[in-house]
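As the structure is a computational prediction, the values presented were derived from the model and not from experiment.
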Number of protein chains: 2
Amino acid sequence: MKHFSEMSESALRVVDAAEGLIQERGYNGFSYDDVAKLVGIKKPSIHHHFATKGDLATAVAQRYTHRFREQLLRIEVQHARAPDRLTAYATLFENTFAAEHRLCVCGMLGAEAKSLPDGVAHEVSRFFEANTDWLAMVITEGQRAQQLRAQPEARALADAFLATLEGAMIVARSVRGARGPAGVAQTYLSTLLA
Amino acid sequence: MKHFSEMSESALRVVDAAEGLIQERGYNGFSYDDVAKLVGIKKPSIHHHFATKGDLATAVAQRYTHRFREQLLRIEVQHARAPDRLTAYATLFENTFAAEHRLCVCGMLGAEAKSLPDGVAHEVSRFFEANTDWLAMVITEGQRAQQLRAQPEARALADAFLATLEGAMIVARSVRGARGPAGVAQTYLSTLLA
DNA sequence: GTCTATATACAGATAGAC
DNA sequence: GTCTATCTGTATATAGAC
C-alpha cells in the first residue's frame, strides 16, 4: 500500500475524514459511505484510493503515528527538563480531546484490537511502542537529573503514564465534569517529582 | 425494561453471551446473530428477550455495574487498609483481563460512547461514577490514616487510578509483553504510599 | 479520479405459526 | 420461548463507463 507521503490530495482528504470518524465512532462504527459524504464524493471513489477498509484504517494509523512522532521531536527541542516534557506530552492528548471529545486514534483502535484486520492492529502496537519508548527515555533522563523520583523504574512509569492518558480520555468521554487527560496527567506527575 | 434480577434463564444466557462479545469486539462489533449462535438459538429469539440492541447492551452494563459494586463491598469486608483495598480493586481488572485479554465492559463501551444509544451511555457513566466515588472514599480514608500520601486530593487520585486501569487494558491488548492492569496499578500505588 | 449500477452479504427488526 | 419467513436498510466491494 502507498505511503501517505506519496498520496494524492484526494486520498489525503479521505484519510482526514476517516481519522475523524475513527476518533469519534471507532473502526466498526463508520462506513465508506460516511467517509464519502464527508469528502463530498461517492462511495466507490473511496475504494479507488483504498481498496479495503483495512487499508484505509492502516493509512490513518500510520499517518497518526508519524505526526505524533514529529510532535515528540518538537517537545524535545522546546523543553529541556523531563517534567516539562511530560507535561507537554500530556498536552498532545488534551488538545486531541478538547476537539469534541475526540479519542486518540490508537486508543480507540486498541480497544477494538480483536476485531481489526492484522495490518491495522500492527500499526496500533507500533504507536504504543513508540510512545512508551519515548516516555521511558524522557523519564530515565529525568531520574538521572534527579528531577523525577528514582523509583519505580522508568519503563514501569512510562507504561503507567501512557495508560493513564489513554484511559482518561475514555472515562472523561462518558462522565460529565470528569478530569480529562491534562488533569489526570497533572495528578500523576505531581506524584513523580523528586 | 426488565431488571436483570427478574430475567428468565434464557434471557440471562443472552446477557452472558452479549457481555463476552462486548468485551471482545465492542457494541459496534457484534450482531444479534453472533449472540444467537453462542446461545444456540435463532436471531428472532433474541429479539423476544431484548427488543433492541440498545436494550440488550443496557442490560449487560447494568448487570456488570451491579456485580462490580458487589465486589467492591466484598473488598471492604476482606481488607481494612486502603493500600490493600486498592490492590484488591486492581485485581478485579486483572482477573477480567486475564481471561483472553477481555476488556472492562464499560471501558469498551466508554470508548464507543458517541455511537451508543442513550440508555447504554447512561449506564456507562453510572459505572464510572460508582467507581470513582468508591475509590475516592477509600483513598480519603487511607489519607486520614496516613497510609497514603496526603496530596494530591483523593478525588484527583481516584480519577487517575481508574483511568490508569482502563487504559492499561487497552494498551496491553495491543502490545505483547506490556504491563497489564495489575502491573501498572502496582506502579501507581507505589507512588502513593505514605 | 469520479461516476452509475450492481453484486453479495449481513444488519436490526417484525409477523405470525407452533 | 422458539421458530420460519420476511422486510428494509446498509455494509464492503466490484465492473465498467466517462
Could you tell me whether A/Phe68 and A/Phe93 have their ring centroids closer than 6.0 angstrom?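 Between A/Phe93 and A/Phe68, which both carry aromatic rings, the centre distance is below 6.0 Å.
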
OH of B/Tyr32 versus C1' of D/dT4: gap in Å, rounded?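 About 19 Å, once rounded to whole Å.
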
Does a side-chain N or O of A/Ser31 approach OP1 or OP2 of D/dA11 to a distance below 4.0 Å, or not?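 For D/dA11, OP1 or OP2 has a side-chain N or O of A/Ser31 closer than 4.0 Å.
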
To the nearest Å, how far apart are A/Leu21 CG and D/dT12 P?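 Spelled out: CG on A/Leu21 to P on D/dT12 is 11 Å.
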
Report yes or no: do B/Asp34 and B/Ser31 form a side-chain donor-acceptor pair below 3.5 Å?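 Yes, because at least one side-chain N or O of B/Asp34 sits under 3.5 Å from a partner of the opposite role on B/Ser31.
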
For the residue pair B/His66 and B/Glu70, confirm or rule out a side-chain donor-acceptor distance under 3.5 Å.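 There is such a pair between these side chains.
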
Rounded distance in Å - CG (B/Asn28) to P (C/dC10):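 Going from B/Asn28 (CG) to C/dC10 (P), I get 18 Å.
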
Just to be sure I understand the rule, does B/Ser45 reach a base, reach only the sugar-phosphate, or reach nothing, if contact means heavy atoms closer than 4.0 Å?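 If one applies the 4.0 Å heavy-atom cut-off, B/Ser45 turns out to touch a base.
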
Could you give the NZ-to-P distance, from B/Lys42 to D/dT4, as a whole number of Å?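 In whole Å, D/dT4 P lies 6 Å from B/Lys42 NZ.
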
Does a side-chain N or O from A/His48 land closer than 4.0 Å to OP1 or OP2 of C/dG1, or not?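 Answer yes for this pair, as a side-chain N or O of A/His48 is under 4.0 Å from OP1 or OP2.
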
For A/Lys37 and C/dT2, give me the distance from atom NZ to atom P, rounded to whole Å.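 A/Lys37 atom NZ is separated from C/dT2 atom P by 17 Å.
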
For atom NE2 of A/His47 and atom P of C/dC3, their distance in whole Å: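 Atom-to-atom, A/His47 to C/dC3, this comes out as 13 Å.
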
Heavy atoms from C-beta onward define the side chain here; which of D/dC3, C/dG12, D/dA11 lies closest to that of B/Ile41?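 The closest nucleotide is D/dC3.
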
Please check if any side-chain donor atom of B/Thr187 sits under 3.5 Å from a side-chain acceptor atom of A/Asp159, or the reverse.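 On atom types as modelled, these side chains do not qualify, holding no pair under 3.5 Å.
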
Taking only side-chain nitrogens and oxygens of B/Ser10, does any of them come within less than 4.0 Å of OP1 or OP2 of D/dT2?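 True: B/Ser10 side-chain N/O within range (under 4.0 Å) of D/dT2 OP1/OP2.
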
Given D/dT2, D/dG1, C/dC3, which nucleotide is nearest the side-chain atoms of B/Ser8?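 The nucleotide sitting nearest to the side chain is D/dG1.
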
When all nucleic acid strands are considered with a 4.0 Å heavy-atom cut-off, which category describes B/Phe30: base, sugar-phosphate, or nothing?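 Result for B/Phe30 = sugar-phosphate.
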
Counting side-chain heavy atoms from CB outward, which of C/dG1, D/dC3, D/dT14 is closest to B/Pro44?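 Among C/dG1, D/dC3, D/dT14, the one nearest the side chain of B/Pro44 is D/dC3.
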
Please report the distance, rounded to the nearest Å, between CD1 in B/Ile46 and P in D/dG1.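 Distance, rounded to whole Å: 12 Å.
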
In whole angstrom, what separates B/Asp33's CG from C/dA13's P?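 It is 13 Å, rounded to the nearest whole Å.
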
Any chance you could measure A/Arg144, atom CZ, to A/Thr140, atom OG1, to the nearest 0.5 Å?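 Here the interatomic distance stands at 6.0 Å.
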
May I ask you to evaluate whether A/Lys53 reaches the phosphate of D/dT12, defined as a side-chain N or O under 4.0 Å from OP1 or OP2?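 So the side chain of A/Lys53 is within the cut-off, an N or O lying under 4.0 Å from OP1 or OP2 of D/dT12.
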
